[in-house]
Colleague: 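Below are the structure tokens for one structure; questions will follow.
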Amino acid sequence: MTTATALLACPIRLAKAALPASAVTAMKQTSWRVGTSEGLDAAVFFDALSGTPLYKERYKDDVAAFAPRLPANVRNDIPLLWQEAADAKFGLLGPNLVLILSVA
């Protein structure tokens with residue numbers, strides 16, 4: 001075992017020693033819940049509706065089909081919301097919003 005490997009393994013060993021055996025066993029398992037969500041799909045589409053260059057060309061047909069169905073005030077607010085998120089260093093609005101909403 002190299003020194004680096006030993007140093008990296010140390011916090012893991014300490015955590016395992018401090019936790020009950022059932023918690024250590026649970027750490028080895030991943031529980032996935034997969035399902036569909038039109039609401040989350042809509043939230044991630046905010047980025048395309050924002051009109052920013054990153055999405056404008058790639059999703060132009062989707063935006064052209066969907067945006068006219070939205071009320072004008074909503075269409076106007078989405079770019080403002082996207083810009084507010086960008087100014088606040090929130091990151092990409094759609095994916096981060098979906099991440100937050102998916103655990104709510």
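Residues: numbered from 1 along the sequence shown. The model shown is predicted, which means the values in this text are computed figures rather than measured ones.
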Colleague: Return each pair, listed once, that meets salt bridge (charged side-chain N to carboxylate O under 4.0 Å, His left out) where at least one residue sits in residues 60-70; pairs must be two or more places apart or across chains.
Modeller: Glu57-Lys60
Colleague: Each residue besides Phe46 in its hydrophobic cluster should be listed here, by chain and number; the cluster joins Ile, Leu, Val, Met, Phe, Trp and Tyr at side-chain heavy-atom distances under 4.5 Å.
Modeller: Leu40, Val44, Phe45, Leu49, Leu54, Tyr55, Tyr59, Val63, Phe66, Leu70, Val74, Ile78, Leu81, Trp82, Phe90, Leu92, Leu93, Leu97, Val98, Ile100, Leu101
Colleague: Just wondering, are more than 12 heavy atoms of other shown residues or ligands nearer than 6.0 Å to CD in Glu84?
Modeller: no
